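Quick caveat: nothing in here was measured; it's all calculated off a predicted structure. Whatever order the structure lists them in is the order used to number ligands and atoms, beginning at 1.
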Amino acid sequence: MVIKAEYIWLDGTQPTARLRSKTKIMNFVDKETPPMWGFDGSSTNQATGDNSDCVLKPIRTVPDPLRGADDVLVLCEVLQSGGEPHPTNTRSQLEPVALRHEDKDAWFGWEQEYTMFKGSRPLGWPEQGYPAPQGPFYCGVGADEVFGREIVEEHMDACLAAGLTLSGINAEVMPGQWEFQIGPVSPLEGSDELHLARYLLYRIAEQYGVSISLNPKPVRGDWNGAGCHTNFSTEEMRSPGGKAVIEEAIRKLESRHHLHIENYGDGIEQRLTGKHETCSYKEFKYGNSDRGASIRIPVVVQTEGRGYFEDRRPCANIDPYVVARLLLETCCD
Ligand code: ADP
Ligand code: MN
Ligand code: MN
Ligand code: MN
């Protein structure tokens, strides 16, 4: 018996990599350990035409909820033809850092915001002009307030069927904008899952003629941008006395603010303006329950003295492998 395996990888597009995928028909018996495979790196900004072969190395295989019970999605990392990690392979840069800090038992919770587009306008926006000002749309209900719920519901079911650690969804502040959450889960697994969840979202929306944008500021003006708030904790932070550990991590984050900003998504200056529930990228602020801060300390840390913190700076278009690596290096090294 043969099955369909969708091999998924990150390409070499600058400044923001894109997901690519292609299908391999393979024998059912190979499902547990899908083989390496090749692709034309000259078409993905990963090689030159005269030396175009790149290699897909399977990382994680999950059931494919879109095709069928036996079919699979195969998330891959990219190797050069000689077998060494490709320079665009940011997972291979996270891996040693994650292993070095395995004893810290770090958890990541990713809040992926995104915007649905129909043609050149966000889904649900009028042909001409703008919708009513922001206010009623966040967690809204009703055909005049939320747009694209059928896609969101299908995506949620697909993530669960694929075994991803999806922890919730909600409609966002700007009409046509939504969020899903992954985690809390370990650095490598969580980052892998975020990419798989994005892939499923693109594929499902495709069927509705809707495209998904991770642009951090999809509409200029008085409209919320799209972020990927990153919630982070270590075992120490989650244990009694954890609040002090969180505060120490925040001081370290402050000292490397600009390095993080540079790696938190192209277009971050447009999103982190100091308005629309953001802190300006030029400043570093933290605060209890403060959604105008760079780092928010959730209320549970106040009441219980332990827990996690929320880095509000990452944009919707981040590479989670890069963000996870930086957070581990800054907070745990
Ligand atoms: P917000 O109030 O900022 O919108 P959400 O409920 O959307 O928050 O997301 C919170 C995220 O924090 C979830 O992804 C959840 O998995 C994650 N999370 C909860 N506890 C922890 C923890 N101890 N460490 C890391 N992440 C956590
Ligand atoms: Mn959220
Ligand atoms: Mn949000
Ligand atoms: Mn948040």
Side-chain angles (χ1 to χ4, degrees), residues 107-116 122-124 134-141 145-149 151-153 155-156 159 164-185 190-191 193-194 197-198 201 212-219 222-233 237 246 249-250 253 260-261 264-265 267-268 270-281 284-302 307-318 320 323-324 327 331:
W107 292 357
F108 284 82
W110 305 97
E111 298 173 54
Q112 176 70 64
E113 294 179 340
Y114 58 93
T115 311
M116 296 186 187
L123 190 67
Q134 294 185 154
F137 306 111
Y138 170 73
C139 298
V141 57
E145 290 187 3
V146 294
F147 310 98
R149 196 188 290 277
I151 295 172
V152 172
E153 292 283 319
H155 177 245
M156 177 158 50
C159 287
L164 307 185
T165 324
L166 187 86
S167 45
I169 59 108
N170 61 267
E172 269 303 337
V173 175
M174 186 183 100
Q177 213 164 64
W178 292 83
E179 169 180 317
F180 65 82
Q181 296 107 31
I182 294 282
V185 63
S191 306
E193 290 192 18
L194 181 53
R198 285 175 178 175
L201 183 60
I212 301 296
S213 169
L214 301 186
N215 186 330
K217 194 73 180 182
V219 185
D222 204 11
W223 302 97
N224 270 37
C228 189
H229 297 165
T230 306
N231 300 272
F232 177 81
S233 66
M237 295 178 188
I246 291 172
I250 291 173
L253 285 166
H260 283 252
I261 290 288
Y264 275 10
I268 194 165
Q270 267 116 55
R271 173 174 155 264
L272 297 188
T273 57
K275 290 183 183 165
H276 305 111
E277 303 177 52
T278 70
C279 175
S280 164
Y281 70 95
F284 182 91
K285 286 197 290 187
Y286 66 95
N288 298 324
S289 307
D290 184 356
R291 289 176 193 268
S294 323
I295 306 284
R296 176 173 67 94
I297 304 173
V299 69
V300 48
V301 177
Q302 300 311 304
Y308 64 100
F309 67 81
E310 177 192 42
D311 190 343
R312 299 179 60 80
R313 299 171 294 174
C315 291
N317 58 354
I318 46 122
V323 173
L327 281 168
C331 300

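Take the N/O/S atoms of E172: the one nearest the Mn ion (ligand 3) is OE2. Nearest N/O/S atom of E310 with respect to the Mn ion (ligand 4) is recorded as OE2.
Residues R313 and L253 have side chains in contact (heavy-atom distance under 4.5 Å, counting atoms from C-beta outward). Counting only heavy atoms from C-beta outward, the side chains of W107 and V185 never approach each other to under 4.5 Å.
Just one residue in the list L166, L164, V152, N170 forms a side chain to side chain contact (heavy atoms under 4.5 Å, CB included) with F180, and that residue is L166. Of the candidates Q177, E179, E172, Y138 forms a side chain to side chain contact (heavy atoms under 4.5 Å, CB included) with just one, namely E172.
If you count the protein N, O or S atoms nearer to the Mn ion (ligand 2) than 2.8 Å, you get 2.
The heavy-atom pair separating H229 from E310 by the smallest distance is ND1-OE2, 3.0 Å.
Between Y114 and H155, the ring-plane angle classifies as perpendicular under the 30° and 60° cut-offs. Below 30°, between 30° and 60°, or above 60°: for Y286 and F284 the angle between ring planes is between 30° and 60°, a tilted geometry.
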